[in-house]
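Structure, as structure tokens:
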Amino acid sequence: MASARFRCLAGCAGEWPLTQAIYRCPTCNGLLDVVHDVTALRGTRPDAWKAVFDARYKRTVWPFGSGVWGKKEWVAPEVPDDAIVSLDEGGTNLFWAERFGRELGMGELWVKLCGNSHTGSFKDLGMTVLVSVVRWAMRDHGLKVRAIACASTGDTSASLAAYGASCGIPVIVLLPRGKVSTAQLVQPIANGAMVLALDTDFDGCMAVVQQLAAEGIVYLANSMNALRLEGQKTVAIEIVQQFDWQVPDWVILPSGNLGNASALHKGFQLLKDLGVTDRLPRLVVAQAERANPLVRAVRQGATTVTPMKAESTLATAIQIGAPVSAPRAMRALQAMNGLAVDATEDELADAAARADLTGMYCDPHTGVALAALIKLRAAGTIGEGERVVVVSTASGLKFTEFKIGYHERKLAGVQSRRANDPVILPPDFGKVVDAIQARFPG
Ligand SMILES: *Cc1c(COP(=O)(O)O)cnc(C)c1O
Ligand SMILES: [Zn+2]
């Protein structure tokens, strides 16, 4: 029987059931990991796993049509199906960005659109696992939870609020007062979360929510909680599945707290450990230059990440100076022969605008990943025939202020070289023809 437990990432003794509210190792206070019984999973042959996963993919048999729960045995095998809280997350499009790839002199550029999900970001993949486990623990294991809580200003709170509301578990979101735009606030507000606006910054909110969790007042949903990574790792499995079980050469990912980078590593590693694949892709962790602690660490040849003060960046979801999952990400880089690359505000905005002109609609974080791709391609690090997957982490539709700001040339530090101005004209046929003629001199 497949099973999974919490264990200390650093290797301290002890293991704990997933239904226990535990976020750190009691011995060393370090991060926890969800460890699977790989021997039990090896009891099923690689071809049999592929057949099972392919049969379930995007169908409606509960809960397996979800991109996460279709891989249930590899994610959280013991959660009863009737405790699962799913909004049909995953199963997102992996499209061949042919025109943009051609511009960069490459034939195999693919974009994995994780933002095409229930709340518009990849955070749904992890949140479905966390909220399902909490619901199961409350129902069957006597876990007392007044509310699930997180400190966040964007995608995490939107996702948590939706999953909590869909099963009736209360949600509390802690936000820094006055530093959150209406667009960032409206999703948790609409889903009925308790929104606490505190007179502090993000780190101040994080400190409060951690204390609330430590005293058992709330259950903690920030990505320190290893449950989220189990759901997020299915992005790796799904990419390989979509390539008919072939491993791409490179995966490029915009990263802040570094949870997702570690999750992707877990997914690719499990595929290899179970014999479904025979290698890992190379990983590129892409960061905003204004919040680039991992890039600095790699540049200095350090094995640990020194926290920095993150400056404000358009890529708000990765404006993090002290990434919680840094130790996990260091392992991922090592195992995947990885690179860390950063992008300035102008580079990320220009990359997003350039990709938009080939039919995409990029959020600023995807812009960071595309900027990293452009640099690595220009340097020849990524070869023209190599298969590259850029992970797009959120929908561009959630970042309207970024898009408008770019085309109205109002973004600080950004040149808006590709701004596309609407042409304002009187309702006069001749003037319209003149304008078309000027733009497209047939
Ligand atoms: C959360 C988030 C990230 C960063 O993921 P980490 O796991 O914190 O590295 C990147 N892009 C978007 C849109 C996000 O919401
Ligand atoms: Zn430990």
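In listed order, ligands and their atoms are each counted from 1. Counting begins at 1 with the first residue of the sequence.
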Just checking, any donor-acceptor pair under 3.5 angstrom between side chains of Asn225 and Tyr219?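 Short answer, yes.
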For Asn116 and Thr92: C-alpha separation, side-chain torsions, deciding distance, then whether side chain to side chain donor-acceptor pair (under 3.5 Å) applies. CA-CA 6 Å; Asn116 288 359; Thr92 54; over 6 Å; no
Rounded to the nearest 10°, what angle sits at the Zn ion (ligand 2) between SG of Cys28 and SG of Cys8?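 It is 110°, given to the nearest 10°.
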Set out, in order, the CA-CA distance, both residues' side-chain angles and the distance that settles side chain to side chain donor-acceptor pair (under 3.5 Å) for Thr313 and Glu345, then state yes or no. CA-CA 7 Å; Thr313 165; Glu345 298 300 287; 2.8 Å; yes
Could you tell me, for ligand 1, which of its N or O atoms are under 3.5 Å from any protein N or O, listing the pairs and their distances rounded to 0.1 Å?
from: ligand 1; atom 1: 7 (O); to: Gly259; atom 2: N; distance (Å): 3.2
from: ligand 1; atom 1: 7 (O); to: Asn260; atom 2: N; distance (Å): 2.8
from: ligand 1; atom 1: 8 (O); to: Asn257; atom 2: N; distance (Å): 2.9
from: ligand 1; atom 1: 9 (O); to: Gly256; atom 2: N; distance (Å): 2.8
from: ligand 1; atom 1: 9 (O); to: Asn257; atom 2: N; distance (Å): 3.3
from: ligand 1; atom 1: 9 (O); to: Leu258; atom 2: N; distance (Å): 2.9
from: ligand 1; atom 1: 11 (N); to: Thr393; atom 2: OG1; distance (Å): 2.8
from: ligand 1; atom 1: 15 (O); to: Lys123; atom 2: NZ; distance (Å): 2.7
from: ligand 1; atom 1: 15 (O); to: Asp155; atom 2: OD2; distance (Å): 2.6

Using the rule side chain to side chain donor-acceptor pair (under 3.5 Å), only one of Arg328, Lys266, Arg331, Arg7 pairs with Asp33; which is it?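 Among Arg328, Lys266, Arg331, Arg7, the one that satisfies the side chain to side chain donor-acceptor pair (under 3.5 Å) with Asp33 is Lys266.
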Counting distance only, does the side-chain N/O of Arg418 pair as donor-acceptor with the main-chain N or O of Tyr406 below 3.5 Å?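 Not at all, since once roles are kept as given, no pair shorter than 3.5 Å links the two residues.
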Give a yes or no on whether Arg146 atom CZ has more than 12 heavy-atom contacts from other residues, nucleotides or ligands under 6.0 Å away.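 Result for CZ/Arg146: open.
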